[in-house]
Amino acid sequence: MQLLLIHSDYIEYEVKKSTPVAEKIEESLKQGRLEDALTAFMAVEKVDEPNPADTIKRTVEEIEKVAAQVKAERLMLYPYAHLSSNLSSPKVAVSILKGIEEALTGKYEVMRAPFGWYKAFKISCKGHPLSELSRSILPEGEQGAQEVQVIPSCAKSSEDDDVVSEALKAESVAKSYWHILTPDGELHNIDDFDLSEHPNLQKFVDYEISKNRAVEKAPPHVELMRRLEIADYEPGSDSGNMRFYPKGKLMKTLLENYVLDETSKFGAMEVETPIMYDMNHPTLKKYLDRFPARQYSIESDKRHLFLRFAACFGQFLMNHDMTISYRSLPLKMIELTRYSFRKEQRGELVGLRRLRAFTMPDMHTLCTDMDQAVSQFDEQYNMCINVLDKIGIKLDDYEVAIRFTRDFYDSNRDFITNLAKTVDKPVLVEMWDTRFFYFVLKFEFNFVDALAKASALSTVQIDVENAERYDINYINTEGEAKKPTVLHCSPSGAIERCIYALLEKEAMAMEKGAVPMFPVWLSPTQVRIIPIAQRHLEFAEQVSEQLKCRADIDDREDTIGKRIREAGREWIPYVVVIGDKEVENGTINVTIRSESQPNKPVKMEMSAEDLNNRIMTEIEGLPYKGLPLSKLVSMRPKFI
RNA sequence: GCCUCGGUGGCUCAGCCCGGCAGAGCGAGUGAUUUGUAAUCACUAGGUCGCGUGUUCGAAUCACGCUCGAGGCUCCA
């Protein structure tokens, strides 16, 4: 039994024509309408034939469960053969459908659309989180059956159709085919590929496909983000809106500046667009109607506004008004949105991993045609690898997912193979037989965290829909207006999520017995200077002046042991202890965190200039900003 | 939205099962110590035990309602 449940404002149908298997019906059943009803589209399958009673029982349970969740009092039972490719005999189907109807009658106001007729129907989907659900009900012992992912399409109506059209069927149920693509170009069936040598990819695949994500504890980065005074929950705001303390704000600014620098080198023009838009703007309305409500909305005088969930709107509306010659293509614009807003469901928000307000670098590239788009895609793919690498997230830390339509794959096989070659490891492939989303090709780099949960960082998509929707044109060599092919790219993914990934990565490293740290250019304090006694403070000041980086002085009246420990707990890359010996010799003793092991610090005697040179080499070409807090640690407040 | 668990000084938590003076460690303040590589010692301050109602001689503890948070479901353009 395949079930597709839609909680609708209304559903109505009208029979058009009988098929050879049609049940005989009363005139009154030839049309029907229910308001505020849960509609159950159902397909009875071959596997249901041996035990119809069991199928009835379990289907009824499932429907009742959902009806209770959405508080529906009216049910429309709608036979919908297109949900399955392995249907039962019509006789069994009718008996099961009638059985379900009988079991539910009395508890609900039930209407059943007749079986075996071509019917036209209209449905208005409510669009709340539970309004669209699909269920496969299999007999006991048949759990291994093929998984079918249903991608819901909302607010669709088939009013123009005489019969339930093939197009609607295709859009209601787009099938995903999962594969593993190896660098040699082989496209393996996911079940046939041995992932045991790729444990991280295995985790990602499990997360993506089997959706098995039971986890018993909170993710480790939540404790770390607080303990390191990076970020924290803000109870005075909405959930998923974080506060950032000075150290976290510094890291965030550096990451933002880095991504902007890289995209600027890449030729992107930085722009800024509004964070709120008119819900009733004709172009935006069309776009919003395609998706269930997931945005913050604001009532302001007569207008109904929503907060942007990406920078697409602003940039596309700008593109629409621009005069663009083919000479300007590929044309790149970037905005670093502070913020983009998505009203994710309450239970889905976790620490810095998924937020309702987040900072998103969002670049769009207008290309003359698909060929140019494909070559741009390739360049941006490589840029993303490089950007994440500098941020401290290496190729081993994430898994690649590439998703495309079958048509795209058939005409770009070599190109896609090359993407796997570039990263030189197997990648997960999702292929759709029809295009449902606005893109024909996308990739993401998915970070797999300490609890085996995956989340996307970098992504690029080839969009074949929005140039049309926003009426974006360029003038070609012939002087004709043409629609460009558009690329969406976020080189790093959300900035907050990069911090999450770094924290989770270090948490995993700690588990394995390594010493955790941030890349030097991102460390809030790069050098901690610890004068042993007060008389060494002056020399400590001198050393800090010689270092052209974020060097602070722990002048608190604690023991050396304690201050060393504190520096370690702050993951400071270089720790300098200054006492009589140093003042005398003019050299310094540096503990180098990146070379140390737990309980085995690596210390080196060097001059302040040596240390400075070493750090300058490490942070060369990367953004820099001064200390986010007072140089003297004794003057700092505690944030947590 | 549904299910489960939780809310006790700034932080982390014990106490709750089985009702009887509200506790510890860290942090903060003060004093002593001026220190050579992962927690110096002593003292002090700091709490309507999330909110409300009920049961009781007596409620942090039991019951009910509310609220906020976390995890799961669902979802993730």
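A, B, ... follow the sequence lines: proteins, then strands. Residue 1 opens every chain. Computed over heavy atoms, backbone and side chain alike; hydrogens, waters and symmetry mates excluded.
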Worksheet item: Under 6.0 Å between the ring centres of A/F447 and A/Y398?
Response: no
Item to complete: Determine the Euclidean distance between corresponding P atoms of B/C11 and B/C21; express it in Å to zero decimal places.
Response: 26 Å
Item to complete: Once you apply the 3.5 Å cut-off to both distances, tell me the Watson-Crick or G-U wobble partner of B/U55, or none.
Response: none
Fill in: Side chain of A/I640 (C-beta onward), nearest among B/A39, B/C11, B/U35
B/C11
Fill in: A/Y277/A/H304 aromatic ring centres below 6.0 Å
no
Worksheet item: For atom P, what is the distance between B/G6 and B/G50, given to the nearest Å?
Response: 13 Å
Worksheet item: Distance between the C1' atoms of B/G65 and B/C26, in whole angstroms?
Response: 37 Å
Worksheet item: Of all the choices, B/G72, B/G69, B/U35, which nucleotide is nearest to the side chain of A/S239 once you look at every atom?
Response: B/G69
Practice prompt. Could you give the distance separating B/G23 and B/A45 at their P atoms, to the nearest angstrom?
Written response: 13 Å
Worksheet item: Looking across every strand, which nucleic acid part, if any, lies under 4.0 Å from A/I532 by heavy atom: base, sugar-phosphate, or nothing?
Response: base
Fill in: Selection from B/G71, B/A77, B/U37 that lies nearest to any side-chain heavy atom of A/F309
B/A77
Worksheet item: To the nearest angstrom, how far is A/E570 atom CD from B/A39 atom P?
Response: 16 Å
Discussion item. Checking the side chain of A/D362 only, and the main-chain atoms of A/A311 only, is there a donor and an acceptor separated by less than 3.5 Å?
Written reply: yes
Worksheet item: What is the pairing partner of B/A42, taking Watson-Crick or G-U wobble pairs with both distances under 3.5 Å in any strand?
Response: B/U30
Practice prompt. Return yes if the base of B/G36 and the side-chain atoms of A/E582 contain a donor-acceptor N/O pair under 3.5 Å, otherwise no.
Written response: yes
Worksheet entry | Check: A/I572 main-chain N/O paired with A/R593 side-chain donor or acceptor under 3.5 Å | no
Worksheet item: What distance, rounded to whole Å, do you find between the two C1' atoms, one in B/G1 and one in B/U61?
Response: 33 Å
Fill in: B/U44 versus B/A39 - spacing of their P atoms, nearest Å
26 Å
Practice prompt. With the side chain of A/E557 defined as its heavy atoms from C-beta on, choose the nearest nucleotide among B/G72, B/U34, B/A38.
Written response: B/U34
Worksheet item: Distance between the P atoms of B/G15 and B/C57, in whole angstroms?
Response: 28 Å
Worksheet item: Of the nucleotides B/G71, B/A38, B/A39, which has the atom closest to the A/K562 side chain?
Response: B/A39
Discussion item. Between B/A38 and B/A32, how many Å separate the two C1' atoms, rounded to a whole number?
Written reply: 24 Å
Worksheet item: With both distances under 3.5 angstrom, what nucleotide forms a Watson-Crick or G-U wobble pair with B/G69?
Response: B/C5
Item to complete: Ignoring backbone atoms, establish whether A/K638 has a side-chain N or O less than 4.0 Å from OP1 or OP2 of B/A28.
Response: yes
Worksheet item: From the list B/G36, B/U40, B/G71, which nucleotide is the closest neighbour of the side chain of A/P219?
Response: B/G71
Worksheet item: When the nearest nucleotide of RNA chain B is assigned to A/Q534 and to A/Q597 on a heavy-atom basis, which residue is associated with the more 5' position?
Response: A/Q534
Worksheet item: Starting at the 5' end of RNA chain B and moving along, which residue's nearest nucleotide shows up first, A/F639 or A/N599?
Response: A/F639
Item to complete: Check step by step if ring-ring contact (aromatic ring centres under 6.0 Å, His included) holds for A/F313 and A/F306.
Response: CA-CA 12 Å; A/F313 323 106; A/F306 68 94; 5.5 Å; yes
Item to complete: Could you tell me whether the phosphate oxygens of B/U35, OP1 or OP2, come under 4.0 Å of any side-chain nitrogen or oxygen in A/R535?
Response: yes
Discussion item. Heavy atoms from C-beta onward define the side chain here; which of B/U37, B/A38, B/U12 lies closest to that of A/R226?
Written reply: B/U12
Worksheet item: Got a sec: does the CD of A/E538 have more than 12 other heavy atoms crowding it under 6.0 Å?
Response: no
